[in-house]
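Working notes, structure below.
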Amino acid sequence: KKSVKAAKSTEQKSHEGLSYTQTENFGEWYTEVITKSGMIDYYDISGCYILRPYSYEIWEKIQDFLDSRIKSIGVKNCYFPIFVSSEKLQREKDHLEGFAPEVAWVTKSGSSDLKEPIAIRPTSETIMYPAFKNWIRSHRDLPLKLNQWNNVVRWEFKNPTPFIRTREFLWQEGHTAHATKAEADEQVYQILDFYAAAYEELLAVPMIKGIKTEKEKFAGADYTTTIEGFIPATGRGIQAATSHQLGQNFGKMFGIAAEYEDGKKLIPFQTSWGFTTRSIGIMIMVHGDDKGLVLPPRIAPLQVIIVPIPYKDQQEIDEISNQANKVCELLKSVGVRVQVDDRQVYTPGWKYNFWELKGVPLRFEIGPKDLMSHQVRVVRRDNGVKTDVPVSKLSTLIPALLEEIQSDMLARARHKRDSHIQTVTEWNDFVSALSQGNMILTPFCNEVEWEEVVKTKSRQESLALMGLEDEAENTATSAAAKTLCNPFDNNEQPFDESLRCFISGKPAKTWTLWGRSY
Ligand code: AMP
């Protein structure tokens, strides 16, 4: 095995390929793919990473997509400070309890101690709502709808993973206040739809919408809605984004009140919601393969790479190069993101590997034969299919092909995800389904204590199956199952009264989706 690996790594180094496959070691594969593709560079503070242009461009596309939708429903962008006083941070007790262990504090300026340590925002409820108190006086000040694009810091004790779980991350956080609960509910669901659309339409990653259980909801919220993704290679679910109904909890603590003409006062109903750079990691894990990234065309910084294949003499080289540039301009004029790789120092084969690693959706090869027959060879990154396309048809066929790739990628990911959802009605079948890399749908009594039981028992039995005694306290990925959500789709119908909870045997209240998760 060792010698195969050694041989492989020398061979692959010559074209900067990957030395790990996904099945060999998914963690190493991920690290290699994000660094070698030029997305991420490591940094000397654990849990913090450099987003290089190749991933930041993707983040900008996500921003454009979400920002325009968020604004379309009357939310305005703003910016609040990164720091929060400890007094304000501690105002909402449940919220504080949820975040306290992860809050980073500034205690010094230069060499002198600050009089009061100040916290770096883990999220901005406690920073924004004192201002909401000043701005919401009359019912006419409602609704108030604000969003900010910023960074937050959560000093996670679980092992960090680039994009997926980082100590500093980029996100947008929206915060709204409404006159009625119904209006706030609508806001919560509207945003969840936008989030699901960003994953499905842009990143080609299928989502399951649902509601978090009491145990998993946001600290200080009445309820949390979520979209959940799935990583087939590891059989793990992942919380992709969340939208919270905060009810009047924060309003009470921060003294927010809107007055009506008759003198009556109303504590507004609030929502908050966030979408982070985790999304990029999910997209990479869902679509990537042993050659590297596979980027959905709508998000790919570069959609087509043209590789000229020089043949004999200088004249031919020039002709091919001219043709490549002509094709490039043609595609640019119909809005395709395209580039010619005319670097002389690398062979075409080297370039193929290079751009495959970077996940560019289409490669064009133009050689002497193609030149003669006025066509280009088009190679799909997602499935390797090669076709010859006449130059005269490129400007119509290529934009259509990019869209086809986009929808094929979503369909494939959805099919794979769906084949990893199992319905289980008895505890006996649970851990084996889990260990086969599935998410599991069960009838559940929806009680926190029983959720704890499942967590503990599934960890114990999974470890026993693997012949392990225990797992590290800060493991990035636990063997235990937890609830991902109560999916909306499965809980729409009136509940069958005869259904029993798979763990407690009590009458079931929900269909609940469980899984190992990130
Ligand atoms: P929250 O404010 O806790 O509801 O978090 C909002 C969203 O941020 C979650 O749904 C996750 O998708 C994402 N998220 C949470 N923690 C991290 C992290 N450490 N790094 C990146 N994304 C995160």
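Both counts, for ligands and for their atoms, begin at 1 and track the order of listing. Note that the coordinates shown come from a computational prediction; the quantities given were computed from them, not determined experimentally. We number each residue from 1, following the sequence as shown.
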### Message
Counting non-hydrogen protein atoms only, what is the nearest one to atom 11 (C) of ligand 1? Give residue, atom name and distance.
### Response
Arg278 NH1, 3.4 Å
### Task
Answer with yes or no whether Trp273 contacts ligand 1, where contact means a heavy atom under 4.0 Å from a ligand atom.
no
## Note on the structure
ligand 1 atoms nearer than 4.0 angstrom to some heavy atom of His244 are 4 (O)
### Message
How far is atom 6 (C) of ligand 1 from the closest protein heavy atom, and which atom is that?
### Response
Thr242 OG1, 3.4 Å
### Query
Would you say Ile238 contacts ligand 1, with heavy atoms under 4.0 Å as the rule?
no
### Task
Considering only non-hydrogen protein atoms, determine which one is nearest to atom 19 (N) of ligand 1 and report residue, atom name and distance to 0.1 Å.
Glu156 OE2, 2.7 Å
### Message
To check your reading of the model: name the closest protein heavy atom to atom 17 (C) of ligand 1, its residue, and the distance in Å.
### Response
Phe169 CE2, 3.4 Å
### Query
Would you call Arg167 a ligand 1 contact, heavy-atom distance under 4.0 Å?
no
Could you list the donor-acceptor pairs under 3.5 angstrom formed between side-chain atoms of residues 247-255 and any protein atom two or more places apart in sequence or on another chain?
from   : atom 1 : to     : atom 2 : distance (Å)
Gln248 : NE2    : Ile267 : O      : 2.8
Asn249 : ND2    : Gly220 : O      : 2.9
Asn249 : ND2    : Asp222 : OD1    : 3.1
Asn249 : ND2    : Leu246 : O      : 3.2

## Note on the structure
salt bridge (charged side-chain N to carboxylate O under 4.0 Å, His left out) pairs touching residues 484-494, sequence neighbours excluded, are none
### Message
Please list the nearest protein heavy atom to atom 13 (C) of ligand 1 with its residue and the distance rounded to 0.1 Å.
### Response
Thr276 CG2, 3.4 Å
## Note on the structure
Judged by heavy atoms only, the candidate from Ile164, Ile280, Thr224 nearest atom 21 (C) of ligand 1 is Ile164
### Message
With heavy-atom distances below 4.0 Å as the criterion, list the atoms of ligand 1 near Thr166.
### Response
18 (C), 19 (N), 20 (N)
### Query
Looking at Phe488 versus Tyr189, is the centre-to-centre ring distance below 6.0 Å?
yes
## Note on the structure
Here the pair of heavy atoms bringing Tyr43 nearest to Cys48 is CB-O, 3.2 Å
#### Entry: Ring centroid separation Phe163 to Tyr30 under 6.0 Å
no
### Query
Does any N or O atom in Thr123 lie less than 3.5 angstrom from one in ligand 1, N or O only?
no
### Query
Hey, does Arg154 come in under 3.5 Å of ligand 1, counting only N/O atoms on both sides?
yes
### Task
Give the numbers and elements of all ligand 1 atoms closer than 4.0 Å to a heavy atom of Arg165.
18 (C), 19 (N), 20 (N)
### Query
Which of the atoms in ligand 1, numbered in the order shown and given with their element, are less than 4.0 Å from a heavy-atom of Phe163?
21 (C)
### Query
So, for Ala508 and Phe495, which heavy atoms are closest and what is the spacing to 0.1 Å?
O-CE2, 3.4 Å
### Query
Of the backbone atoms (N, CA, C, O) and the side-chain heavy atoms from C-beta on, which set of Ala240 has a member under 4.0 Å from an atom of ligand 1: side chain, backbone, both, or neither?
backbone
### Task
Give a yes-or-no answer on whether the side chains of Thr234 and Tyr518 include a donor-acceptor pair shorter than 3.5 Å.
yes
### Task
Assess whether atom CD of Glu116 is packed by more than 12 heavy atoms of other residues, nucleotides or ligands within 6.0 Å.
no
### Message
Checking salt bridge (charged side-chain N to carboxylate O under 4.0 Å, His left out) between Glu200 and each of Arg417, Arg414, Lys209, which is the one that passes?
### Response
Arg414
### Task
Give the residue, atom name and distance (to 0.1 Å) of the protein heavy atom nearest atom 10 (O) of ligand 1.
Gln239 NE2, 2.7 Å
### Query
Numbering the atoms of ligand 1 from 1, which are under 4.0 Å from a heavy atom of Ala241?
10 (O), 12 (O)
### Message
Is it true that Glu87 and Ser85 share a donor-acceptor pair across their side chains at a distance under 3.5 Å?
### Response
no
### Task
May I ask whether Trp171 places a heavy atom under 4.0 Å from ligand 1?
yes
### Task
Assess whether salt bridge (charged side-chain N to carboxylate O under 4.0 Å, His left out) is satisfied between Glu228 and Lys212, documenting all intermediate values.
CA-CA 10 Å; Glu228 299 285 322; Lys212 285 280 181 191; 2.8 Å; yes
### Message
Could you check whether Trp514 and Phe444 have their ring centres less than 6.0 Å apart?
### Response
yes
